[in-house]
There are 4 protein chains.
Amino acid sequence: MRLIMKNLIEVYKESPETSNMTDKQMKIFRSAIKLFAQKGYKDTSTKEIASGAGVSEGSLFKRFNNKEDLLLAILKPISRVILPEVLVELSTTDQQYDHSNLQDFINVLVRNRLEFFMENIDVIKIFANEFIYDEKIRQDMVAEMPREYITNINNSFDKLKSDQQLIEWDNVEIFRFIFSNIFGYIAQHYFLFKSPKWNEKKEIDHLVDFLVKGLTPTIN
Amino acid sequence: MRLIMKNLIEVYKESPETSNMTDKQMKIFRSAIKLFAQKGYKDTSTKEIASGAGVSEGSLFKRFNNKEDLLLAILKPISRVILPEVLVELSTTDQQYDHSNLQDFINVLVRNRLEFFMENIDVIKIFANEFIYDEKIRQDMVAEMPREYITNINNSFDKLKSDQQLIEWDNVEIFRFIFSNIFGYIAQHYFLFKSPKWNEKKEIDHLVDFLVKGLTPTIN
Amino acid sequence: MRLIMKNLIEVYKESPETSNMTDKQMKIFRSAIKLFAQKGYKDTSTKEIASGAGVSEGSLFKRFNNKEDLLLAILKPISRVILPEVLVELSTTDQQYDHSNLQDFINVLVRNRLEFFMENIDVIKIFANEFIYDEKIRQDMVAEMPREYITNINNSFDKLKSDQQLIEWDNVEIFRFIFSNIFGYIAQHYFLFKSPKWNEKKEIDHLVDFLVKGLTPTIN
Amino acid sequence: MRLIMKNLIEVYKESPETSNMTDKQMKIFRSAIKLFAQKGYKDTSTKEIASGAGVSEGSLFKRFNNKEDLLLAILKPISRVILPEVLVELSTTDQQYDHSNLQDFINVLVRNRLEFFMENIDVIKIFANEFIYDEKIRQDMVAEMPREYITNINNSFDKLKSDQQLIEWDNVEIFRFIFSNIFGYIAQHYFLFKSPKWNEKKEIDHLVDFLVKGLTPTIN
DNA sequence: TATGAATGAGCCTTCATTCAT
DNA sequence: AATGAATGAAGGCTCATTCAT
């Protein structure tokens, strides 16, 4: 089983909106992520971001033309890099893990995504909210997504189906079942009720088991 | 199988914040729900709400002391009535439907909740967003929730478990699996990609099947 | 000789942008005219306008959507009412004054315009400056000007020419000679060097004489 | 008839504010003139000036202490050199052209000034605007004007009057009649309605004729 | 010398809320 | 009860100016 993980910070360093940032600009960027996640985009003032970063408000607008650009600089790399990477992961045909085995497939997928989400929980939270609410941002982000990957998503699912490892439902449905539960796990433990400790390993095992059982074809 | 459904409008009529509303106040209330769902709480001005209702801004503040009270009037009944109702539903011991059958249990639960969500999609959207983002509102709403119901949640689950109809995981986990997928369905079709038509009956069947299979105990 | 005069305040009362103003709004409007004339549009802040009017800044934006709308509310009536009126004056065929007499024609025209300019010197100053500098405002104002009047301008000039009272130059040139000198008079005494008193009657007589002599056809 | 002409660039090379400028500084200076004329002083940012000149903002402030100094460097030479030169021209007693002939006097004066204005239309536009609006700049510029010349203005006029070539009005009035019409010509063709071509020679002939006729004494 | 990142005062504008009518 | 004019704090953003590199 292969575990890949890409921390967003590295992604930001390579993204046009956020490469070559000075120290202060990086502080602004981090301050914005923290505050947007905490209080929401609308509820965070540029003044708060600046003071949270220990710099002047002017510096914020030197790098980011306006508040929305700052938000997009946070969010676009997710569309441009992270989501495509998920799809690549789902459709890869190399031999790093065995696609004819649903258990392995789900296992790697879930753990990779969970790890990524947990590492970048703040950005994911911002993303989740803005994606739901802001039509304009949704379109901006969909526009960023490389089209070629989307068509590839079916490969892995189709392979598993032809091997009778995966139930014959629409790929979009299958996709939704997987991510609803990953996201539900994240939401419960990271967005909503942060404090109490839980048995992480056990719950993730359950999550994988649940998905595998739910998606395994019924034998008649 | 029993299908219950409670439209929120009826609930509002019985809630202290929203009972005895005049026509104008009702218009304001509906206008607020529509706009909050469309653009978010922060992004909706009281002026817009008033003009959307065809009344003056003054009328809005006559009934609701401030903008946040209006939001809470929309959201609190969910905590006070709807969520408890779900729990009651889960823990009811009457014979309206057979709790010893997971298939039936999930079937009724899912269809009831979906119907409710779909009927009240705007309020749910507001709820989802504010609950995630606003700690103060989250606490307000948790405070509204009658404590006694929460402890009852286990009854149905435990009954099903003892009948070996339900897998032996924590009830909270099971609860999460169920609602993650209900919510995922709603989010996909109502929040994110509204336009294309889909085969509703088929997808809901799949959703129920998926949950049942995922939550059925493994036979060794 | 007939002297007509239209004070701008009356014009404003009938203009869509400025009719039905409350007391406070009228104060804002006057404050803006005074300050724009004194310091220029760009150099006057909305805060200054409000405090000059003794009201809050919010009141300004209640009536005028933004600063530029306030400027246009001051300027548009000039295009819409005042300039057309000049042209009507020049082209009128009624018998109130004798068009076959250049002396009389110039005399009435100059005195009417001077009186109007002097009465509304602040607005004229704002107009002069913005018209020269702001292409957008120039076009806005040209758009306001009723087209039908412009074509009529030639009537009076042509009549005087055919009576050999007026030199055979292009009407636009003649128009320019007349208004350059009226405007020069205003600029000298009202814009540039306000303090010293001058012999108003004498200078205006000279201005009329100068124009009449300059525009009378040369006898060969 | 003598035609003199002084391009402002030469004047700037001899002025304390603008002599010994490096290439970059000259670029800044030209960029400022162009932009101030186009959009107005207040509406032009130092950043725009710098980028229009292809240099850094820092370089601008190295040479000119602040934005207003840059404006004054553009305008002061007009007061210090150009206006005095006009007066000298008007009062010169040498024999280059015949002061006893109004026609010749006006002819040379008008053509010289028109040529100068047309050559330096941008600076004139800036001058016109700031002189009207900014009391401080007006005083700065009046202070720059060498006093001795002003008293000499009367010489030529008085000579022409004593020769009965020029009407017996105040010299200031005569001065105004001449410059109102020169400036009106410039404003019409260069500030306001730039596009259509016109018969330049004919209009300037008319302008000279108009002034000569208007200023020739009436014979009783 | 030349740069441009950094600053922060001040600008225009929005908005929830109050209150006289 | 209903209105909407009035308020003023706060928001996003611009810009002349400074200064470390």
Side-chain angles (χ1 to χ4, degrees), chain A residues 20-25 27-28 41-51 53-70, chain B residues 22-25 28 41-51 53-71, chain C residues 20-25 27-28 42-51 53-70, chain D residues 22 24-25 28 41-51 54-70:
Chain A
N20 297 107
M21 284 200 286
T22 64
D23 266 13
K24 299 213 169 178
Q25 287 165 349
K27 278 184 192 160
I28 291 167
Y41 170 72
K42 260 284 166 181
D43 234 359
T44 303
S45 73
T46 52
K47 188 171 229 157
E48 281 174 298
I49 297 169
S51 95
V55 303
S56 74
E57 223 177 331
S59 296
L60 191 162
F61 287 98
K62 185 74 127 211
R63 176 78 198 202
F64 307 97
N65 289 325
N66 50 49
K67 197 185 167 191
E68 194 184 357
D69 273 8
L70 174 53
Chain B
T22 64
D23 264 14
K24 293 206 173 181
Q25 287 164 352
I28 292 167
Y41 171 72
K42 261 282 168 181
D43 240 357
T44 303
S45 70
T46 51
K47 183 178 204 164
E48 281 174 299
I49 297 169
S51 97
V55 303
S56 73
E57 244 178 310
S59 297
L60 191 161
F61 285 96
K62 185 70 115 207
R63 173 79 198 204
F64 306 97
N65 289 325
N66 51 46
K67 196 185 167 191
E68 195 182 357
D69 275 7
L70 175 53
L71 175 63
Chain C
N20 297 109
M21 285 201 285
T22 64
D23 265 14
K24 299 212 168 179
Q25 286 165 350
K27 277 184 192 162
I28 290 167
K42 261 283 166 181
D43 234 359
T44 304
S45 74
T46 51
K47 186 172 229 158
E48 282 174 300
I49 297 169
S51 95
V55 303
S56 75
E57 225 176 329
S59 295
L60 191 162
F61 287 96
K62 186 73 127 212
R63 176 77 197 203
F64 306 97
N65 290 325
N66 49 49
K67 198 186 166 190
E68 193 183 356
D69 274 8
L70 173 53
Chain D
T22 64
K24 293 204 172 180
Q25 288 164 350
I28 292 167
Y41 171 72
K42 261 282 168 182
D43 240 357
T44 303
S45 71
T46 51
K47 184 178 203 162
E48 281 174 298
I49 297 170
S51 97
V55 303
S56 73
E57 244 179 311
S59 297
L60 190 161
F61 285 96
K62 185 71 115 206
R63 174 78 199 204
F64 306 97
N65 290 326
N66 50 47
K67 197 184 167 190
E68 195 183 356
D69 274 7
L70 174 53

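Throughout, a chain's letter reflects where its sequence line sits, starting with A, and its residues are numbered from 1. What you are looking at is a predicted structure, and each value in this text was computed from that prediction instead of being measured. The figures here come from the full heavy-atom set of this structure, side chains too, leaving out hydrogens, waters and symmetry mates.
Take the nearest nucleotide of DNA chain E for B/Lys67 and for A/Lys24: the residue whose nucleotide is more 5' is A/Lys24. Between C/Glu48 and B/Glu68, it is C/Glu48 whose nearest contact on DNA chain E lies nearer the 5' terminus. The 5' end of DNA chain F is approached more closely, in terms of each residue's nearest nucleotide, by A/Ser45 than by the other of A/Ser45 and D/Lys42.
Of the possible donor and acceptor atoms, one in the side chain of A/Ser45 sits under 3.5 Å from a partner among the backbone N and O of A/Glu48. Side chain of D/Lys67 to backbone of D/Phe61: no donor-acceptor contact under 3.5 angstrom is found. A distance-only check finds a donor-acceptor pair linking the side chain of D/Thr22 to the backbone of D/Gln25 [under 3.5 Å]. In terms of modelled atom types and a separation under 3.5 Å, the side chain of B/Lys47 and the main chain of B/Ser56 share no donor-acceptor contact. For A/Lys24 (side chain) and A/Ala53 (main-chain N/O), no donor-acceptor pair under 3.5 Å exists by modelled atom type.
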* To do: Let me have DNA chain F in dot-bracket notation, would you? Count Watson-Crick plus G-U wobble pairs, both distances under 3.5 Å, and use [ ] for pairs crossing earlier ones and | for inter-strand partners.
  => .||||||||||||||||||||
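The nearest whole Å value for the distance from the CG atom in A/Asn65 to the C1' atom in E/dA5 is 15 Å. Nucleotide E/dT3 holds its P atom 9 Å from the CD1 atom of D/Ile28, rounded to whole Å. Atoms CG (C/Leu70) and P (E/dC12) sit 11 Å apart, rounded to a whole Å. Separating the CG atom of D/Asp69 from the P atom of F/dA16 is a distance of 14 Å, rounded to the nearest angstrom. Atom NZ in B/Lys47 sits about 10 Å away from atom C1' in E/dT14, given to the nearest Å. Taking atom CG on B/Asp43 and atom C1' on F/dG12, their separation rounds to 14 Å, with Å as the unit. The distance between atom CZ of C/Phe64 and atom P of F/dA5, rounded to the nearest whole Å, is 13 Å. Rounding to whole angstrom units, CG of residue C/Asp23 and P of F/dT7 are separated by 12 Å.
Among the heavy atoms of the strands lying under 4.0 Å from C/Thr44 are primed sugar atoms or P, OP1, OP2 only; no base atom is included. At a threshold of 4.0 angstrom between heavy atoms, the contacts of B/Thr22 with the nucleic acid are absent.
Inter-residue side-chain proximity for D/Arg63 and D/Ile28 is flagged as unmet; no heavy-atom pair is nearer than 4.5 Å. Here the side chains of C/Lys42 and D/Tyr41 are not in contact, with every heavy-atom distance at 4.5 Å or above. With contacts defined as side-chain heavy-atom distances shorter than 4.5 Å, the pair C/Val55/C/Leu60 does not qualify.
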* Is there a side chain to side chain contact (heavy atoms under 4.5 Å, CB included) between C/Leu70 and C/Ile49 once you walk through the steps? -> CA-CA 11 Å; C/Leu70 173 53; C/Ile49 297 169; 4.0 Å; yes
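OP1 or OP2 of E/dC12 sits under 4.0 Å from a side-chain N or O of C/Thr46.
Among F/dC13, F/dG12, E/dT17, the nucleotide with an atom closest to any side-chain atom of A/Asn66 is F/dC13.
Applying the ring-ring contact (aromatic ring centres under 6.0 Å, His included) criterion to C/Phe64, with sequence neighbours excluded, gives no partner residue.
A heavy-atom distance below 4.0 Å to DNA chain F is reached by these residues of residues 53-63 of chain C, ordered by number: C/Val55, C/Ser56, C/Gly58, C/Ser59, C/Lys62.
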